[in-house]
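Each remark here refers to the structure printed beneath this line.
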Amino acid sequence: MTTIQAFTHASFIYTGENIVQKDGRHLNVNDVSAIEDGAIVFNSKKIIWVGKTEELPIKYKKVKTTDLKNKKAIMPGLIDSHTHLVFAGSRASEFARRCAGATYQEIANEGGGILTTVKATREASVEKLFELALKRALISYRYGVRTIECKSGYGLDHDTEMKCLTVIQHLRKALPQMTFVSTYLGAHAIPHDQKKSRYLDDILHKTLPMVAQKKLAEFCDVFIDEGYFSLAEGERILRTAKKLGLKLKVHADEMQNTESTKLACKLHAHSADHLLKVSDKGIAALAVGNTVATLLPGTAFYLKMDYAPARKILDAGGRVAVATDFNPGSCYSLNLPLMMNFSALYMQMNLAEIFASVTSNAASALGLESSKGSIKRGYDSDFVVLPYERFEEIYYRMGW
Ligand code: NIG
Ligand code: FE
């Protein structure tokens, strides 16, 4: 039996209840649903009761209680719904070249970029990859992240992709205080040592079936872009993954518009991610569908590109999540609060939209909306106690 505990006199408990009721769309600032002077009762697994401290039922008055003295607020644990956590090596020298004027695409076209990381990742042992990923997960935890999606995609061959997915399994065991969602992104780039058609065959007939059979990933993702995978190739991979029982994500309309957001919506993917170049057609598809638009402002910042048209997507009625896209090339940051700050400043998102983007909408992007992303009886007790009186402090402070 797990011990019941309580926090009382939280300055505010942000439950996000209205956000969930409104399906994460058309949000205004009050939708964060703040309970002033709140209390929460929970055990190590689930939330048992939430409400105003003065209404705490007598039966919970004797449980182990921490008084937050109206100095600290409580909100759902942050959810980073898009990261490339597992890789080895450094791209610091490529970053220096970018600072001197080279573009991300130029470096990739010369065989650097993702392929530089692939080389280092292939050479690294499972133990080394695990050690690196564990350190990164702990950094993320300290930013308040309690659920993190992690992609493979720096192997680009069967064995290394399997090795990277195994690392995510090990992370689950090592850090039970965090939830790890695993995504197979074999179609992240074309390997330098194999023909694209051969690699596609491997993905479709060898790796995907084994990933599904061994339950090594819950999601399959594809990078659809010029020089990477075409719309038709992406669709083939995604349909095969779906048949095998995997849920879908798409790296969509990032560098060029390929109408891959529309494809993601057509295939009922849980999310279409990046969307720097999404078209009006793509936005219209997001507005009527359930696919979450996962925006990654840190990547636009780091690549000095225009931000995704968040306002257009939100005003059309799309559901928006915000994530770090943590990876060694286009966003080397695990700082989700900083992404919230960017969302306010550069994507003109309001308080509730930002809150939803890292809680319940991010949970929807991962298929976890019935247990995570809002503070409610029966939901997982992975909420966070903020060192601030109000939620606003998080996105106001730059990446604290
Ligand atoms: O999400 N867009 C594709 N992949 C990554 C970048 C990976 C890298 O540069 O290593 C992204 O931005
Ligand atoms: Fe990404």
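Each ligand, and each atom within it, is numbered from 1 in the order the structure gives.
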Exercise for the section: Measure from the Fe ion (ligand 2) to each N, O or S atom of Cys331 and report whether any distance is below 2.8 Å. Expected result: no

Practice task
Could you check whether the rings of Phe391 and Phe355 sit parallel, tilted or perpendicular, using 30° and 60° as the cut-offs?
Solution key: perpendicular

Exercise for the section: Please verify whether a non-hydrogen atom of Phe87 lies at under 4.0 Å from ligand 1. Expected result: no

Problem - Any N/O pair Thr299/ligand 1 closer than 3.5 Å - result: no

Handout entry: Closest protein heavy atom (residue, atom, distance) for atom 11 (C) of ligand 1
Key = Asp325 OD2, 3.3 Å

Practice task
Would you mind checking if Glu393 and Arg397 are paired as a salt bridge, meaning a charged N to carboxylate O distance below 4.0 Å?
Solution key: yes

Practice task
Measure across Ser364 and Val292 and return the closest heavy-atom pair with its distance rounded to 0.1 Å.
Solution key: CB-CG2, 3.9 Å

Fill in the blank from the handout: Nearest non-hydrogen protein atom to atom 10 (O) of ligand 1, with distance, is Tyr154 OH, 2.6 Å

Handout entry: Nitrogen or oxygen of Thr117 less than 3.5 angstrom from that of ligand 1
Key = no

Exercise for the section: Please answer whether the main-chain N or O of Thr103 pairs with a side-chain N or O of Glu106 as donor and acceptor at a distance below 3.5 Å. Expected result: yes

Completion exercise
Looking only at protein heavy atoms, what sits closest to atom 2 (N) of ligand 1 is Glu254 OE1, 2.5 Å

Practice task
Would you please determine whether His188 falls within less than 4.0 Å of ligand 1 on a heavy-atom basis?
Solution key: yes

Exercise for the section: Return the orientation label for the Phe383 and Phe7 ring planes: parallel under 30°, perpendicular over 60°, tilted otherwise. Expected result: perpendicular

Problem - Nearest non-hydrogen protein atom, atom 3 (C) of ligand 1 - result: Phe223 CE2, 3.4 Å

Handout entry: Geometric class of the Phe130/His170 ring pair [parallel <30°, tilted 30-60°, perpendicular >60°]
Key = perpendicular

Practice task
Output the list of atoms in ligand 1 that are nearer than 4.0 Å to some heavy atom of Arg91, sorted by atom number.
Solution key: 8 (C), 9 (O), 10 (O)

Practice task
Answer yes or no for Lys196 and Tyr228: cation-pi contact, defined as NZ/CZ to six-membered ring centre under 6.0 Å and angle to ring axis within 45°.
Solution key: no

Exercise for the section: Just jot down the ligand 1 atoms closer than 4.0 angstrom to any heavy atom of His274, in number order. Expected result: 1 (O), 2 (N), 11 (C), 12 (O)

Handout entry: Intermediate values then yes/no, side chain to side chain donor-acceptor pair (under 3.5 Å), Arg390 and Ser11
Key = CA-CA 7 Å; Arg390 288 172 186 272; Ser11 47; over 6 Å; no

Exercise for the section: Using only heavy-atom distances, determine whether the side chains of Asn341 and Tyr395 contain a donor-acceptor pair under 3.5 Å. Expected result: no

Handout entry: Distance from atom 12 (O) of ligand 1 to nearest protein heavy atom, with residue and atom
Key = Ser330 OG, 2.6 Å

Exercise for the section: Among all protein heavy atoms, pick out the one at the shortest distance from atom 9 (O) of ligand 1; state its residue, atom name and that distance to 0.1 Å. Expected result: Tyr104 OH, 2.4 Å

Exercise for the section: Calculate the angle formed at the Fe ion (ligand 2) by NE2 in His84 and OD1 in Asp325; 10° precision is enough. Expected result: 90°

